S.K.: 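Sharing a structure with you now.
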Amino acid sequence: MGLEIAEAEFNFRLRIAERKTGIGAGARSSSLDHAFEYIQKFYGGVGANKVGAVYSNRGNIANGTPLDLDLRSSLTDVLDGSVVSFPIVMGVFISNLSTTSGQGLTMGGGSNPFISWLIATGDGVKIGASGFFALWSPIDGYATTNATADILRIVSDVGTVSTDIVILGRAS
Amino acid sequence: MSTVTSEASLLFRCVVPERKPGLGSGGQGVSRYDHLFEFIRRYTNGIGIEHVGAVYSRRHTTSTYLDIDLAADLVSVLDGSAVTVPIIMGLFIANLSSVPGRSLILGQGVEDYEDWILTAEDAKRIGPGGLDIAWSPIDGFPSNGDTADILRIAASSGEVEFDLMIVGRVT
């Protein structure tokens, strides 16, 4: 029997309080709690808003040796080593575990790049030290094309960077 | 009058349980692994690495594109005063559309703010119902107040409502 995905739970919350002091009679304060929140659950399956495949890994990326993740044929499941394939990528989450200034990562580029999340071949983004990158598209997802547009490249700018990577997707 | 921001509390947690049933003698065993992506931090107010000194948040709507001048257009919702963010630590965007195909395109403006991308004119898509988060608390993504400070957010089709939060510091 094959692998099964139960529901995927997301909980993202960013809160920052901003205050203006010395306002009005009595020099009092106004305030706003800036909030960015995303709390959702997605069930296993195919189609929009369903999660059917997951890959996660912690690894090191050395400068000069890009990590090329083949999203259709080389990622393996931690439970049984079977291949995890992502015809549609719904989410990419990458954490740069370095605490050293300048030890950033870049994501994108390379040969046969996974590019449907970008505008053009060669485009990409940076992930700074002690930072993270999250891209999530539960309805449309980002399609891959086997053998020609299915490589997700991650490069270390300097030294060796430890990273956590989670990729979510579905078959269709 | 002065502006004070409190500490920034950031929690990102994605849990995806995976099971493999039918294992072992009798075929009744089930192995399980909870894939987890977690980022939980607090950042105090101030300047320098891993300190938060400025915040901007707004809900926007666009059917074409919105050019946000990071040096001149960010204003506080409290009193309309300018919000200065020479070093952007984080960009947080939520595409609030639920219509398939209604993506946002982030990037490619004139005098393009580009420190968060590989090269000028790079851009990425944020699908409907989706999120895009770039957080860099140590080095940040500096903007150039004169030549590289325009953040363009465009609608791929139709009208798209989105939430935008920008967090940063002065130095």
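Residue numbers start from 1 in every chain, and the chains themselves are labelled A, B, ... in the order their sequence lines are given, proteins ahead of strands. Just so it is clear, the model here is predicted, and its values are computed rather than measured.
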S.K.: So which part of A:Ile115 gets closer than 4.5 Å to some heavy atom of chain B, the side chain, the backbone, both or neither?
M.R.: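 No part of A:Ile115 comes within 4.5 Å of chain B.
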
S.K.: So if I take each residue of residues 84-97 of chain B and look for any heavy atom under 4.5 Å from a heavy atom in chain A, which residues do I end up with?
M.R.: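 Answer by number: B:Phe92, B:Ile93, B:Ala94, B:Ser97.
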
S.K.: So which pairs with a foot in residues 49-87 of chain B pass ring-ring contact (aromatic ring centres under 6.0 Å, His included), sequence neighbours left out?
M.R.: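 Residue pairs passing ring-ring contact (aromatic ring centres under 6.0 Å, His included), neighbours aside: B:His60-B:Phe162.
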
S.K.: Assess the residue pair A:Trp136 and A:Phe12 against the criterion (ring-ring contact (aromatic ring centres under 6.0 Å, His included)); give the C-alpha distance rounded to whole Å, side-chain angles, the decisive distance to 0.1 Å, and a yes or no.
M.R.: CA-CA 12 Å; A:Trp136 176 243; A:Phe12 179 73; over 10 Å; no

S.K.: Given the options B:Arg102, B:Arg13, B:Glu18, which has more heavy-atom pairs under 4.5 Å with chain A than any of the others?
M.R.: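 Most heavy-atom pairs under 4.5 Å with chain A: B:Glu18.
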
S.K.: Check each atom of A:Leu79 against the heavy atoms of chain B and say whether the ones under 4.5 Å are side chain, backbone, both or neither.
M.R.: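 Side chain only.
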
S.K.: Tell me, for B:Ile105 versus chain A, whether the close heavy atoms (under 4.5 Å) come from the side chain, the backbone, both or neither.
M.R.: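 Just the side chain, heavy atoms under 4.5 Å.
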
S.K.: In this structure, would A:Leu69 and A:Leu135 fall into the same cluster of hydrophobic residues linked by side-chain contacts under 4.5 Å?
M.R.: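 Same hydrophobic cluster.
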
S.K.: Taking every non-hydrogen pair under 4.5 Å, which of B:Ala123, B:Ala8, B:Ala134 racks up the most with chain A?
M.R.: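 Maximum pair count with chain A is reached by B:Ala123.
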
S.K.: With only heavy atoms counted, which part of B:Val52 is less than 4.5 Å from chain A, the side chain, the backbone, both or neither?
M.R.: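 It is the side chain, since no backbone atom gets that close.
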
S.K.: With a 4.5 Å cut-off on heavy-atom pairs, point out which of B:Ile49, B:Asp115, B:Thr119, B:Ile126 contacts chain A the most.
M.R.: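 Most heavy-atom pairs under 4.5 Å with chain A: B:Asp115.
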
S.K.: Answer with side chain, backbone, both or neither: which region of A:Val54 has an atom nearer than 4.5 Å to a non-hydrogen atom of chain B?
M.R.: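 Contact with chain B: backbone and side chain both.
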
S.K.: Test: salt bridge (charged side-chain N to carboxylate O under 4.0 Å, His left out). Region: residues 128-137 of chain B. Which pairs qualify, not counting sequence neighbours?
M.R.: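 Applying salt bridge (charged side-chain N to carboxylate O under 4.0 Å, His left out) to every pair that reaches into residues 128-137 of chain B, excluding sequence neighbours, yields B:Lys124-B:Asp132.
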
S.K.: Between B:Leu23, B:Leu78, B:Val30, B:Leu10, which residue shows the highest count of heavy-atom pairs closer than 4.5 Å to chain A?
M.R.: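 Counting heavy-atom pairs under 4.5 Å, the top option is B:Leu78.
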
S.K.: Heavy atoms only: give me the nearest B:Asn45-B:Gly53 pair and the separation to one decimal.
M.R.: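 Nearest heavy atoms, B:Asn45 then B:Gly53: ND2-CA, 4.1 Å.
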
S.K.: Are there residues of residues 28-50 of chain A that reach to under 4.5 Å of chain B by heavy atoms, and which ones?
M.R.: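 From residues 28-50 of chain A, the residues near chain B are A:Ser30, A:Ser31, A:Leu32, A:His34, A:Ala35, A:Phe36, A:Tyr38.
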
